Amino acid sequence: MFLELKAQATSILKEAIQKVGFEVEDSELQFETSPHADLASRAAFRLAGIHKQNPKELASRIVSALEIPEGSYIGEVSAAGPYINFFAGRHYLERTVSAVREEKEKFGCGAPKDRILLEHTSANPNGPLHVGHIRNSIIGDTLARILRRAGYDVEVQYYVNDMGRQIAVVSWACELFELDLSRKSDAAIADVYIKANVELEKNPEYVKEIDALMEKVEVGDVRTIEQFNQAVSLAVAGIKETLLRLNVVHDKFVSESSFLKSGAVQDIVERIRATGRTKTDKGALVVDLSDYGFEKTLVIQRSNGTSLYTTRDLAYHGWKAGQADRIIDIFGADHKLISGQLRATLNSIGIKEPEVVIFEFVSLPEGSMSTRRGQFISADELFDKVTEAAFEQVETRRPETSYEFKKEVAEMVGIGAVRYDIVRVSPEKSTVFNWKEALDFEKQGAPYIQYSHARACSILEKAKEEAAWNPEEEINPSLLVEDSEIDLIKKMAMFGSIIDHGARELKPHILAIYARELADAFNQFYRFVPVIAAEDEKVRASRLALVDCARIVLANSLDTLGIGAPESM
RNA sequence: GGGCUCGUGGCUUAGCCAGGAUAUAGCGCUGGGCUUCUAACCCAGACGUCGGGGGUUCAAAUCCCUUCGAGCCCGCCA
């Protein structure tokens with residue numbers, strides 16, 4: 001709705017500026033959201049600079065020339081010094097309320113758009129996901145949800161490394177040590193993987209055994225491949241379970257080895273060779289990317305002829321490029337360089353490059369996390385502790401409820417808190433994990449937003465019981481005139497533009513901030529405006545409708561954040 | 001040594017790419033509010049050289065240069 005408001009302001013302002021005698025592009029209107037108006041333009045600054053005029057005077061001339069058409073969302077425009085301030089009118093507020101009531105869970109959705117292939121998580125199957133990995137999952141999953149709501153046809157993939165060196169070590173470890181199958185399968189894999197790495201460190205001779213395994217896989221040795229697969233599928237099964245609990249689902253798991261089998265890896269090597277930018281360096285095949293600004297060459301084939309992760313990834317991206325209009329990858333900061341080289345190489349052979357979203361590291365107070373060294377906090381452990389802490393909270397706050405209720409709410413609140421905590425900060429900030437903060441529900445996080453939703457549900461529930469509410473009833477939105485009602489409506493109206501913005505910039509944290517502000521607006525309304533106790537029947541009906549709208553937009557926001565929306569908590 | 005990212009009240013953080021009106025919000029701190037739709041809430045208050053320095057501009061948290069600090073990367077690992 002806000003996007004429409006902006007579009008109307010754009011055309012009104014542009015017309016007025018023309019009347020005053022200037023030509024402007026849309027981008028020169030310099031709109032911004034502001035505490036002083038619903039939409040403010042700094043166009044007078046810009047025009048004054050170009051045409052050597054007084055910006056204040058120009059602003060008031062433009063405002064006098066301005067005409068607001070009948071039925072516009074704009075109610076009023078005024079000049080405040082050099083600023084041109086636009087204020088939404090009643091029509092905008094009332095239209096927003098009816099739009100939410102009509103569109104319900106579809107409110108905020110964009111028109112159908114292109115097909116997107118989004119890859120996220122793709123952690124190596126050498127152990128369970130840890131708290132660093134889930135930053136990838138949460139950013140990726142939230143983006144996928146935002147893009148879907150924005151109208152894109154999104155397919156989400158997990159790229160499974162089932163043949164790299166680390167996996168060879170895993171497979172080797174499974175032969176050497178007994179798997180503890182009483183544990184979750186990915187944790188059992190990590191145990192032997194960590195032990196194997198200790199062995200490798202002690203006895204570097206073993207490296208030859210790993211090399212041998214990798215060569216066997218590359219040439220298609222059935223038994224070795226079978227062993228790799230067994231180890232990989234154990235780890236992947238555990239990872240999937242963890243992701244499911246996080247409310248993250250992938251449409252497809254694509255394995256690296258499939259590109260070797262299909263010959264795609266060989267094909268891509270030939271294509272790169274054909275550009276003439278490859279050469280042999282100590283027996284290895286390398287690509288010269290100096291014209292793309294990369295000083296060091298990129299190795300795409302070992303001297304023994306085997307492929308590398310990068311080579312298979314190139315083949316994977318070649319395959320992806322053929323099936324979608326946009327390719328999006330979510331990578332950790334350690335992949336910055338390699339993803340740049342990947343993009344350059346793809347560009348050099350005319351394959352569509354992925355858009356890469358980079359997030360910085362989550363480390364521990366004692367340093368960065370490492371599966372190999374066993375230095376990590378697994379996502380499962382975090383989920384267990386956080387839901388346990390949430391359970392205690394429900395128990396103190398709602399002692400009268402059933403065990404099942406408490407469990408269900410604790411799961412939604414705990415997992416929601418984890419997701420929100422991670423998604424709320426912009427990806428380029430590196431963070432240090434700390435238990436105290438992770439388990440703290442006092443701050444304005446997911447539980448705060450969920451609580452607002454539950455409050456809205458509770459009012460509606462009570463009204464239904466008293467037979468005082470019919471959701472389909474015609475209401476008169478012009479009765480919603482309190483400040484906190486208007487603020488709430490305006491906040492709801494922003495939802496679509498937040499989705500649009502997040503999708504355009506691939507920035508999920510924008511939505512997290514918005515959801516909190518929406519909850520803020522609802523809580524203020526809740527505090528100041530009585531709903532069920534409203535004396536006038538028509539006013540009560542309108543307010544109930546508004547509560548229902550808030551409930552819908554809060555639920556839509558939470559859903560897009562991948563966070564559960566409890567009706568009671 | 002080179003490259004990328006970050007540095008905003010005690011702590012966490014928005015705003016920075018597209019420079020403009022009193023710098024966003026939470027935690028913590030001080031004080032207030034539950035016989036009234038769930039107090040996981042609300043209200044009020046204190047706390048800021050936007051890392052330091054220089055520059056561009058009518059105007060800089062935002063752009064440029066420089067410097068300091070933190071993280072990540074610079075493998076025939078992934």
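In what follows, every heavy atom counts, from backbone to side chain, and hydrogens, waters and symmetry copies are set aside. Residue numbers start from 1 in every chain, and the chains themselves are labelled A, B, ... in the order their sequence lines are given, proteins ahead of strands. It should be emphasised that the depicted structure is a prediction, and the values quoted were computed from it without experimental measurement.
Counting only distance, with no hydrogens or angles, the side chain of R455(A) and the backbone of N523(A) share no donor-acceptor pair below 3.5 Å. Counting only distance, with no hydrogens or angles, the side chain of E215(A) and the backbone of T306(A) share no donor-acceptor pair below 3.5 Å.
For the residue pair H335(A)/D329(A), the side-chain donor-acceptor check at 3.5 Å is not satisfied.
Among the protein residues, A533(A) comes within range of no part of the nucleic acid, since none of its heavy atoms lies under 4.0 Å from any strand. At the heavy-atom level, D211(A) lies nowhere under 4.0 Å from the strands shown. Counting any heavy atom pair closer than 4.0 Å across all strands shown, I532(A) reaches a base atom. Base contact: A40(A) has a heavy atom under 4.0 Å from a base atom. Among the heavy atoms of the strands, none lies under 4.0 Å from V547(A). Among the heavy atoms of the strands lying under 4.0 Å from S368(A) are primed sugar atoms or P, OP1, OP2 only; no base atom is included. Across all strands shown, V286(A) has no heavy atoms under 4.0 Å from either base or sugar-phosphate atoms.
For E25(A), the CD atom sits in a loose shell: 12 or fewer heavy atoms of surrounding residues, nucleotides or ligands are nearer than 6.0 Å. Enclosure of atom CD in E201(A) is not indicated, since only 12 or fewer non-hydrogen atoms of other residues, nucleotides or ligands lie within 6.0 angstrom. The 12-atom threshold is exceeded at CG of D440(A), counting heavy atoms of other residues, nucleotides or ligands nearer than 6.0 Å. Crowding of K216(A) atom NZ: a count of heavy atoms from other residues, nucleotides or ligands under 6.0 Å not exceeding 12.
Between C72(B), C74(B), C17(B), one nucleotide has an atom nearer to the side chain of A333(A) than all others, and that is C72(B). Comparing A21(B), G71(B), C17(B) against the side chain of E505(A) picks out C17(B) as the nearest. Checking C73(B), A40(B), A18(B) against every side-chain atom of M569(A), the shortest atom distance belongs to A40(B). For M214(A), counting side-chain heavy atoms from C-beta on, the closest listed nucleotide (C74(B), A78(B), A40(B)) is A78(B). Relative to the side chain of H509(A), the nucleotides G15(B), C41(B), A78(B) differ in distance, and G15(B) lies closest.
A cation-pi arrangement is found for K407(A) relative to F391(A), the charged atom lying closer than 6.0 Å to the ring centre and inside a 45° cone about the ring normal.
Shown for residues 159-172 of chain A: residues whose heavy atoms fall under 4.0 angstrom of RNA chain B, namely N161(A), G164(A), R165(A), Q166(A). Against RNA chain B, the stretch residues 43-58 of chain A makes heavy-atom approaches under 4.0 Å through F45(A). Less than 4.0 Å separates RNA chain B from at least one heavy atom of each of the following residues of residues 298-305 of chain A: V299(A), R302(A), S303(A).
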> What string of B, S and - do you get for nucleotides 23-28 of chain B 5' to 3' if you count protein non-hydrogen atoms under 4.0 Å?
Replying inline: --SSS-
>> Output one letter per nucleotide in nucleotides 5-13 of chain B: B when a protein non-hydrogen atom lies under 4.0 Å from the base, S when only the sugar-phosphate is that close, - when neither is.
In response: SSS----SS
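Side-chain N/O atoms of S34(A) and base N/O atoms of A21(B) include a donor-acceptor pair closer than 3.5 Å. Judged by atom type and distance alone, N523(A) does not reach the base of A39(B) through any side-chain donor-acceptor pair under 3.5 Å.
One finds a side-chain N or O of R455(A) lying less than 4.0 angstrom from the OP1 or OP2 phosphate oxygen of A39(B). Taking only side-chain nitrogens and oxygens, Q524(A) comes nearer than 4.0 Å to OP1 or OP2 of C43(B). Contact annotation: Y514(A) does not reach the phosphate of A14(B) (side-chain N/O to OP1 or OP2, under 4.0 Å). In this model, the phosphate group of C77(B) is not approached by any side-chain N or O of R372(A) to a distance below 4.0 Å at OP1 or OP2. Considering only side-chain N and O atoms, R527(A) lies nowhere under 4.0 angstrom from the phosphate OP1 or OP2 of C41(B).
For the P atoms, the distance linking U62(B) with G54(B) amounts to 14 Å, nearest Å. Using atom P as the reference point in both C65(B) and C74(B), the two lie 26 Å apart (nearest Å). Going from the P atom of C76(B) to that of A18(B) covers 37 Å, rounded to whole Å. Taking the C1' atoms as reference points, G2(B) lies 25 Å from C17(B), given to the whole Å. Nucleotides G26(B) and C42(B) are separated by 8 Å at their P atoms, to the nearest Å. For the C1' atoms, the distance linking G31(B) with U35(B) amounts to 24 Å, nearest Å. Atom name C1', nucleotides C47(B) and A39(B): the rounded distance is 26 Å, in whole Å.
Salt-bridge annotation for K406(A) and E408(A): absent, with no side-chain N of the basic residue lying under 4.0 Å from a carboxylate O of the acidic one. Using a cut-off of 4.0 Å between Lys/Arg side-chain N and Asp/Glu carboxylate O, D548(A) and R551(A) are scored as salt-bridged. Residues D291(A) and R277(A) are paired through a salt bridge, judged by an N-O separation under 4.0 Å between the basic side chain and the carboxylate.
In this structure, the separation between CZ on R516(A) and CG on L561(A) is 12.5 Å, given to the nearest 0.5 Å. Atom CG of L308(A) and atom CE of M163(A) lie 10.0 Å apart (nearest 0.5 Å).
Here Y448(A) does not lie in a stacked arrangement on the base of A40(B), lacking the combination of planes under 30° and ring centres under 5.5 Å apart.
The partner of C17(B), taking Watson-Crick or G-U wobble pairs whose two distances both stay under 3.5 Å, does not exist in any strand shown. Base pairing of U35(B): no nucleotide in any strand meets the Watson-Crick or G-U wobble criterion (both distances under 3.5 Å). Base pairing of A44(B) is made with U30(B), judged by Watson-Crick or G-U wobble geometry with both donor-acceptor distances under 3.5 Å.
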>> I'd like to know whether Q450(A) forms a side-chain contact (heavy atoms from CB on, under 4.5 Å) with V409(A), so could you lay out the CA-CA distance, the side-chain angles of the two residues, the decisive distance to 0.1 Å, and finally the verdict.
In response: CA-CA 10 Å; Q450(A) 291 171 315; V409(A) 171; over 6 Å; no
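In this view, R372(A) satisfies the side-chain hydrogen bond (donor to acceptor under 3.5 Å, both in side chains) rule with no residue, not counting sequence neighbours.
Aromatic ring pairs are classed by plane angle as parallel below 30°, tilted from 30° to 60° and perpendicular above 60°; the pair F522(A) and Y526(A) is tilted. The aromatic rings of F259(A) and Y316(A) sit tilted, their planes meeting at an angle between 30° and 60°. Ring geometry for Y309(A) versus Y159(A): interplanar angle of 30 to 60°, hence tilted.
Here the two rings, on F441(A) and Y448(A), have centers that are 6.0 Å apart or farther.
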